[in-house]
Amino acid sequence: MIKTKLTELLGVKYPVIQGGMAWVAEANLAAAVSNAGGVGLIAGGTAPVDYIKEQIKIAKSLTDKPFGLNILMMSPNAPDLAQLAIDEKIAVITTGAGNPGKYIEAWKNAGIKVIPVIPSVALAKRMERAGADAVVAEGTEAGGHIGEISTMCIVPQVVDAVDIPVLAAGGIAEGRGLAAAFMLGASGVQIGTRFLVAEECQIHENYKQMELGSKDTDSVVTGRFTGHPVRSIRNRLTKKLISFERDGGTPEEFEEICVGSLRKAAVDGNLKEGSFMAGQISGLIDKIEPAKDIVESMFSDAEEIMKKSGGVIIE
Ligand code: TUI
């Protein structure tokens, strides 16, 4: 049994939060992760508020454990979802792709635990000052919209910079990464990519197969010049985006090509035009399993590794 500041803060069995993957994380996955003893999340993404309200209702019917909502700060639905979370008494909010500072006080007043995802020490400090309960320090190994610093480097720097609990994210998919995160000073982890292949994850079968079939070098980062770099599995879309960027296309036209591409991957399984966001750890992931098995094996493996000091003999 592993106890950390995060299990205490959230009152959960395992210090793991599911990534807030837009177009991927819905009620079934969220409830499965929460039922497994972690914190499952519904992704607000850019979905209509009524759809998210429905997902919250379904999740409440599938679990009596706490679950969360991820809100993308750059999404037009962010203000409405910020209020919906309060109305629905959501237990945990994680945020991505921007600064949630202006909402934090209202969320805290409603008793919600606020855990922004941040890619730098400066943002971590700002979130702590604004009243965040914890932060997720996300390294560039992660899938989706990313920062530039690796998990190995950002986690200990954020741990030293703030007094609130820090979760590590980016490149963690099993017991070894989890144990490493603890060694860097993290109180827990956020896991995205591994949950893509959870049995309960409702994405198109083609997305799961892309994930299972990809090796270490199969993810690429596109769109750095737009200010919104995204990591996804190499396919025709990423090749098109890379040549577009090389040939001097504008950020606006680039974003235009990307519109709807995540939906095309997650819902339609469109192998050519979809954006199959996933992290660099994809090469390690080779089977579809229930969320419960994923969570339990991660923690039992990490416990074993830590009991043996990671295989190092200390004299
Ligand atoms: O947000 C994520 N990952 C995401 S969001 C997403 S949807 C999307 N699709 C296409 C383009 C862009 C987004 C897919 N994956 N992870 C957390 C994260 N947050 N990564 C980076 C940040 C971030 C960036 C800037 C957080 C704060 C921030 O603040 C800037 C500022 O100072 O306002």
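When a ligand or atom number is given, it counts from 1 through the structure's own listing order.
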Protein heavy atom at shortest distance from atom 16 (N) of ligand 1: Glu138 OE1, 3.1 Å

Pair Gln190-Gln18, side-chain donor/acceptor within less than 3.5 Å: no

Leu262, portion touching ligand 1 at heavy-atom distance under 4.0 Å: neither

Result of checking Glu128, Met127, Glu138 against Ile118 for side-chain contact (heavy atoms from CB on, under 4.5 Å): Met127

Residue selection (non-hydrogen contact nearest atom 22 (C) of ligand 1) among Pro116, Gly223, Ala97: Ala97

Atom 29 (O) of ligand 1: nearest protein contact (heavy atom, Å): Leu123 CD1, 3.4 Å

Salt-bridge criterion met for Lys5 and Glu8 (N-O under 4.0 Å): no

Distance filter under 4.0 Å to Gly144 heavy atoms, resulting ligand 1 atoms: 14 (C), 15 (N)

Shortest protein contact, atom 25 (C) of ligand 1 (heavy atom only): Gly98 N, 3.9 Å

Closest to atom 13 (C) of ligand 1 (judged by heavy-atom distance), picking from His228, Gln190, Met74: Met74

Between Glu141 and Thr151, a side-chain donor and acceptor under 3.5 Å: yes

Residue, atom name and distance, where the atom is the protein heavy atom closest to atom 7 (S) of ligand 1: Leu72 CD1, 3.6 Å

Between Glu253 and Thr250, a side-chain donor and acceptor under 3.5 Å: yes

Proximal candidate to atom 4 (C) of ligand 1 [heavy atom criterion; set Met73, His145, Glu255]: His145

Atom 11 (C) of ligand 1: the protein heavy-atom neighbour that sits closest, reported with distance to 0.1 Å: Val230 CG2, 3.7 Å

Check: Glu296 main-chain N/O paired with Asp293 side-chain donor or acceptor under 3.5 Å: no

Enumerated ligand 1 atoms positioned under 4.0 Å from heavy atoms of Met277: 9 (N), 14 (C)

Residue and atom name of the nearest protein heavy atom (relative to atom 32 (O) of ligand 1), distance in Å to one decimal: Arg126 NH1, 3.8 Å

Note: Asp218-Lys215 ion pair, threshold 4.0 Å (strictly below): yes

Short side-chain donor-acceptor distance under 3.5 Å, Thr140 and Glu148: no

Residues forming a side-chain contact (heavy atoms from CB on, under 4.5 Å) with Ala97, sequence neighbours excluded: Leu72, Met74, His145

Proximal ligand 1 atoms for Asn99, defined as those under 4.0 Å from one of its heavy atoms: 33 (O)

Atom indices of ligand 1 within 4.0 angstrom of Val117 heavy atoms, with elements: 17 (C), 19 (N), 26 (C)

